Amino acid sequence: MLKIFIVEDDQTIVRMLKMALQNEFIVQSVHNFNAVKQEIIEAKADLVLMDIQLPFFSGFHWTTALREISKLPIIFISSTSDEMDQITAMNQGADDFVTKPFSIDLLKAKITALLRRTYNYAGSEKLTFAGYELSANVLSKGTKQIELTISENKLLTLLFRANGANVTKEKLLETLWDNDEFLDINTLNVKITRLRKKLSPIGFDQHIITKRGIGYALI
């Protein structure tokens with residue numbers, strides 16, 4: 001499951017967000033408002049919900065600090081409806097902005113859309129192939145399941161959606177490019193080999209075949 005990290009000092013809002021999101025995501029919140037950047041990095045968050053008015057330093061400060069090292073998706077949640085604050089947030093590197101009071105359904109839609117653009121996240125979408133199900137970064141068959149990294153989920157999502165058709169190496173590389181993880185076809189081949197090994201306990205390794213000179217497909 002992907003991890004949402006909340007940077008908000010109003011504990012009522014923190015509890016409300018955790019209750020609303022915990023069924024679909026791992027949800028954590030900041031403890032030390034003097035070390036927000038460090039906590040986000042240590043948590044390995046996939047998306048941040050950031051307030052503007054915070055103890056010690058503002059959300060603008062922490063967004064600027066994060067943007068020096070990461071393209072991590074950030075959605076601002078603020079009680080201000082001031083257009084200048086929204087412009088500042090976007091200029092500092094925010095990906096979206098929600099004004100309090102906000103609709104939980106709207107916020108969840110924005111989170112899902114941003115995760116989809118960033119990680120090829122399937123959200124509530126469940127993809128199936130040969131009795132296996134791919135959903136929320138987990139590949140499962142019956143009671144057996146294997147948790148996937150973001151890049152592994154991207155690879156399998158493309159293959160599942162192709163439903164047996166060939167997926168070129170170029171397409172896979174294009175999809176994974178944002179991670180800065182794969183720079184050439186050789187590293188992609190290594191990743192596929194590792195993925196097959198990881199999925200072997202539930203037998204899915206046998207379903208990923210190499211189409212020589214083209215790419216990969218499921219059988």
Side-chain angles (χ1 to χ4, degrees), residues 1-125 135-138 147-154 178-180:
M1 295 175 73
L2 296 185
K3 185 176 293 182
I4 307 296
F5 195 94
I6 303 168
V7 184
E8 165 66 66
D9 60 336
D10 186 329
Q11 290 306 306
T12 299
I13 294 177
V14 172
R15 287 192 293 271
M16 180 265 290
L17 288 172
K18 285 184 175 180
M19 289 184 63
L21 301 173
Q22 64 186 358
N23 290 334
E24 297 174 56
F25 306 101
I26 298 170
V27 186
Q28 291 182 220
S29 60
V30 65
H31 295 287
N32 182 358
F33 284 93
N34 212 10
V36 172
K37 176 182 174 182
Q38 180 180 347
E39 288 196 13
I40 291 172
I41 294 170
E42 290 177 353
K44 297 182 179 178
D46 297 301
L47 181 144
V48 173
L49 299 177
M50 180 80 73
D51 193 12
I52 292 180
Q53 301 296 331
L54 298 168
F56 304 112
F57 301 97
S58 72
F60 297 142
H61 168 87
W62 292 117
T63 299
T64 300
L66 286 167
R67 283 292 171 258
E68 292 175 353
I69 60 168
S70 173
K71 296 180 180 178
L72 178 69
I74 300 173
I75 297 177
F76 265 78
I77 298 178
S78 177
S79 56
T80 178
S81 58
D82 189 313
E83 184 178 282
M84 199 61 227
D85 279 341
Q86 297 186 36
I87 292 172
T88 301
M90 305 306 282
N91 287 340
Q92 297 294 89
D95 296 283
D96 209 333
F97 196 105
V98 177
T99 303
K100 302 174 188 175
F102 53 85
S103 158
I104 280 293
D105 288 338
L106 174 61
L107 178 61
K108 289 172 73 172
K110 285 177 175 288
I111 289 172
T112 300
L114 184 51
L115 289 173
R116 186 186 305 117
R117 293 197 300 270
T118 307
Y119 305 119
N120 204 31
Y121 172 66
S124 59
E125 176 186 12
S135 178
N137 282 14
V138 172
E147 190 165 338
L148 306 168
T149 66
I150 290 169
S151 58
E152 289 167 348
N153 185 69
K154 280 187 172 185
D178 286 343
N179 283 10
D180 294 328

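Numbering of residues begins at 1 and proceeds along the displayed sequence. Just so it is clear, the structure is predicted and the values come from calculations on it, not from any experiment.
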Note to self: Any side-chain to backbone donor/acceptor pair from Gln53 onto Ser58? Under 3.5 Å, distance only.
What the structure shows: no
Note to self: Is any side-chain heavy atom of Ile6 closer than 4.5 Å to one of Val30?
What the structure shows: no
Next item on the list: Measure the CZ-CD distance between Phe33 and Glu39 for me, rounded to the nearest 0.5 Å.
Entry: 8.5 Å
Check: Is there a side-chain contact between Phe25 and Ile111, using heavy atoms and a 4.5 Å cut-off?
Finding: yes
Note to self: Pairing donors with acceptors under 3.5 angstrom, does anything connect the side chains of Lys18 and Ser29?
What the structure shows: yes
Next item on the list: Report yes or no: do Gln92 and Thr63 form a side-chain donor-acceptor pair below 3.5 Å?
Entry: no
Item checked: Separation between CG of Leu49 and CG of Leu107, rounded to the nearest 0.5 Å -> 5.5 Å
Next item on the list: Calculate, to the nearest 0.5 Å, the distance between atoms CG and CD1 belonging to Leu106 and Ile104 respectively.
Entry: 9.5 Å
Notebook entry, point to check: With a 4.5 Å heavy-atom cut-off, do Ile40 and Leu72 have their side chains touching?
Noted result: yes
Notebook entry, point to check: With sequence neighbours excluded, what pairs up with Asp46 under the side-chain contact (heavy atoms from CB on, under 4.5 Å) test?
Noted result: Leu2, Lys3, Tyr119, Ile150
Next item on the list: Taking the side chain as every heavy atom from C-beta outward, state whether Ser78 and Asp51 have any pair of such atoms under 4.5 Å apart.
Entry: yes
Check: Should the ring pair Phe57 and Trp62 be called parallel, tilted or perpendicular, given that the plane angle runs from 0 to 90° and is split at 30 and 60?
Finding: perpendicular
Notebook entry, point to check: Charged N to carboxylate O under 4.0 angstrom, Glu8 versus Arg15?
Noted result: no
Checklist line | Trace of the salt bridge (charged side-chain N to carboxylate O under 4.0 Å, His left out) decision for Arg117 with Asp95 | finding: CA-CA 11 Å; Arg117 293 197 300 270; Asp95 296 283; over 6 Å; no
Item checked: Atom of Lys108, atom of Leu21 and distance for their closest heavy-atom approach -> CG-CD2, 3.7 Å
Margin query: Would Phe60 and Phe76 count as a ring-ring contact (aromatic ring centres under 6.0 Å, His included) here? Give the steps.
Written below: CA-CA 9 Å; Phe60 297 142; Phe76 265 78; 5.7 Å; yes
Checklist line | Distance (rounded to the nearest 0.5 Å) between Leu115 CG and Lys110 NZ | finding: 13.5 Å
Notebook entry, point to check: So, does Ser70 use its side chain to make a donor-acceptor pair with the main chain of Leu66 at under 3.5 Å?
Noted result: no
Note to self: Would Phe97 and Ile74 count as a side-chain contact (heavy atoms from CB on, under 4.5 Å) here? Give the steps.
What the structure shows: CA-CA 9 Å; Phe97 196 105; Ile74 300 173; over 6 Å; no
Next item on the list: Give, for atom CG of Leu17 and atom CD1 of Ile77, the distance between the pair rounded to the nearest 0.5 Å.
Entry: 5.0 Å
Check: Within a reach of under 6.0 Å around NZ of Lys100, are more than 12 heavy atoms found that belong to other residues, nucleotides or ligands?
Finding: yes
Check: Rounded to the nearest 0.5 Å, how far does CE of Met16 lie from CD of Gln11?
Finding: 12.0 Å
